[in-house]
Asker: 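Can you keep this structure in mind? I'll have questions shortly.
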Amino acid sequence: MKKFLIVLIVFVIICAGNMNKTTFTLTDYFDGEYYCYVKEKKDNCINLGSFFMTDKKISSCLGESMEVNVTPDNIIDTLKVRVVKNEYLENGTTIIYGFSNLINKNVKVDNKRVNVQIAITESKTVVGWPVIMGSY
């Protein structure tokens, strides 16, 4: 009976610890202009069509993007991204698609799982998950 009680206590402690874990958000890693993609309007958000700009975390985010002032290599290192594909557009924009184990959601690009997209233009760098749904 003592062993059962000890196992039960350990199980409850583990479960309680997991309940306090927060979901992934770019705001935990970077500073910048932040957008959260949601299905419906939420409190403390500005409706920008299919996505919202906010300064608060929203638990129901379907994805996020953020204009950041760090290098793409810094993003890749910080989020532990495995680069899947690079794309170079005629206007000089570079798009990097990658996968990070820090993020649970993903989409398929060229039949490969992707959950991080980085867009680099002459004037800015934007990172998003699972992909950037706004403009870059």
Asker: Would you kindly say whether Tyr37 and Ser65 are connected by a side-chain donor-acceptor distance under 3.5 Å?
Answerer: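 The answer is yes; a qualifying pair exists.
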Asker: Quick check: do Ile76 and Val83 have side-chain heavy atoms less than 4.5 Å from each other?
Answerer: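 A side-chain contact exists here, since the closest heavy-atom pair is under 4.5 Å.
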Asker: Working note: Tyr35 + Ile132, criterion side chain to side chain contact (heavy atoms under 4.5 Å, CB included); need CA distance, chi angles, decisive distance, verdict.
Answerer: CA-CA 10 Å; Tyr35 298 91; Ile132 301 165; over 6 Å; no
Asker: I'd like to know if the side chain of Asn106 reaches the main chain of Arg113, judged simply by a donor and an acceptor atom lying under 3.5 Å from each other, with no hydrogens or angles considered.
Answerer: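 Not confirmed, Asn106 side chain does not pair with Arg113 backbone.
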Asker: Taking the side chain as every heavy atom from C-beta outward, state whether Lys105 and Trp129 have any pair of such atoms under 4.5 Å apart.
Answerer: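 The answer is yes; the side chains approach within 4.5 Å.
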Asker: Quick check for you: to the nearest 0.5 Å, what is the distance between Lys124 atom NZ and Asn69 atom CG?
Answerer: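 It is 11.5 Å, given to the nearest 0.5 Å.
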Asker: Is the closest side-chain heavy-atom distance between Thr25 and Glu64 below 4.5 Å?
Answerer: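 When only atoms from C-beta onward are counted, Glu64 and Thr25 do touch, with a gap below 4.5 Å.
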Asker: Working to the nearest 0.5 angstrom, can you tell me the gap between Phe24 CZ and Ile103 CD1?
Answerer: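 Answer rounded to 0.5 Å: 4.0 Å.
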Asker: Should we count CG of Asn101 as having more than 12 external heavy atoms under 6.0 Å?
Answerer: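 Incorrect, the count does not exceed 12.
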Asker: Nearest 0.5 Å, please: how far is CE in Met66 from OH in Tyr34?
Answerer: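 One gets 7.0 Å once the value is rounded to the nearest 0.5 Å.
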Asker: Decide whether Val84 and Leu89 are clustered together by the hydrophobic rule: side chain heavy atoms of Ile, Leu, Val, Met, Phe, Trp, Tyr closer than 4.5 Å, transitively.
Answerer: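 Yes, it is one cluster - the side chains of Val84 and Leu89 are joined through contacts under 4.5 Å.
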Asker: I need the minimum non-hydrogen distance between Gly63 and Pro130, along with the two atoms involved.
Answerer: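 Gly63 and Pro130 have their closest heavy atoms at CA-CD, 3.9 Å.
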Asker: If you round to the nearest 0.5 Å, how far is CD1 of Ile95 from CD1 of Ile120?
Answerer: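 So the CD1 of Ile120 and the CD1 of Ile95 are separated by 7.0 Å.
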Asker: Would you check if Tyr29 and Leu102 make a side-chain contact, meaning some heavy-atom pair closer than 4.5 Å?
Answerer: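 Counting from C-beta outward, Tyr29 and Leu102 do come under 4.5 Å.
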Asker: Run the side chain to side chain donor-acceptor pair (under 3.5 Å) test against Thr94 and tell me which residues pass, sequence neighbours left out.
Answerer: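 Per chain and number, Thr94 pairs via side chain to side chain donor-acceptor pair (under 3.5 Å) with no residue.
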Asker: Does Leu26 reach the side chain of Val127, with side-chain heavy atoms less than 4.5 Å apart?
Answerer: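 Result yes, sub-4.5 Å side-chain heavy-atom pair found.
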Asker: So which pairs with a foot in residues 68-86 pass salt bridge (Lys or Arg N to Asp or Glu O under 4.0 Å), sequence neighbours left out?
Answerer: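 Residue pairs with at least one partner in residues 68-86: Lys85-Asp110.
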Asker: Strictly distance-based, threshold 3.5 Å: is any side-chain N or O of Glu33 a donor or acceptor partner for the main-chain N or O of Glu67?
Answerer: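 Not a single qualifying donor-acceptor pair exists.
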Asker: With side chain to side chain contact (heavy atoms under 4.5 Å, CB included) as the test, would you mind laying out the steps for Val116 and Phe99 before giving the verdict?
Answerer: CA-CA 6 Å; Val116 175; Phe99 186 85; over 6 Å; no
Asker: May I ask you to test the Ile118-Thr125 pair for a side-chain heavy-atom distance under 4.5 Å?
Answerer: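 Side-chain contact under 4.5 Å: yes.
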Asker: Can you tell if the side chain of Tyr97 reaches within under 4.5 Å of the side chain of Glu87, non-hydrogen atoms only?
Answerer: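 When only atoms from C-beta onward are counted, Glu87 and Tyr97 do touch, with a gap below 4.5 Å.
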Asker: Hey, does Ser100 have a side-chain heavy atom less than 4.5 Å from the side chain of Asn115?
Answerer: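 With C-beta onward as the side chain, the pair touches.
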Asker: Going through the checks in order, is the side chain to side chain contact (heavy atoms under 4.5 Å, CB included) test met by Ile75 and Val70?
Answerer: CA-CA 7 Å; Ile75 296 168; Val70 297; 3.7 Å; yes
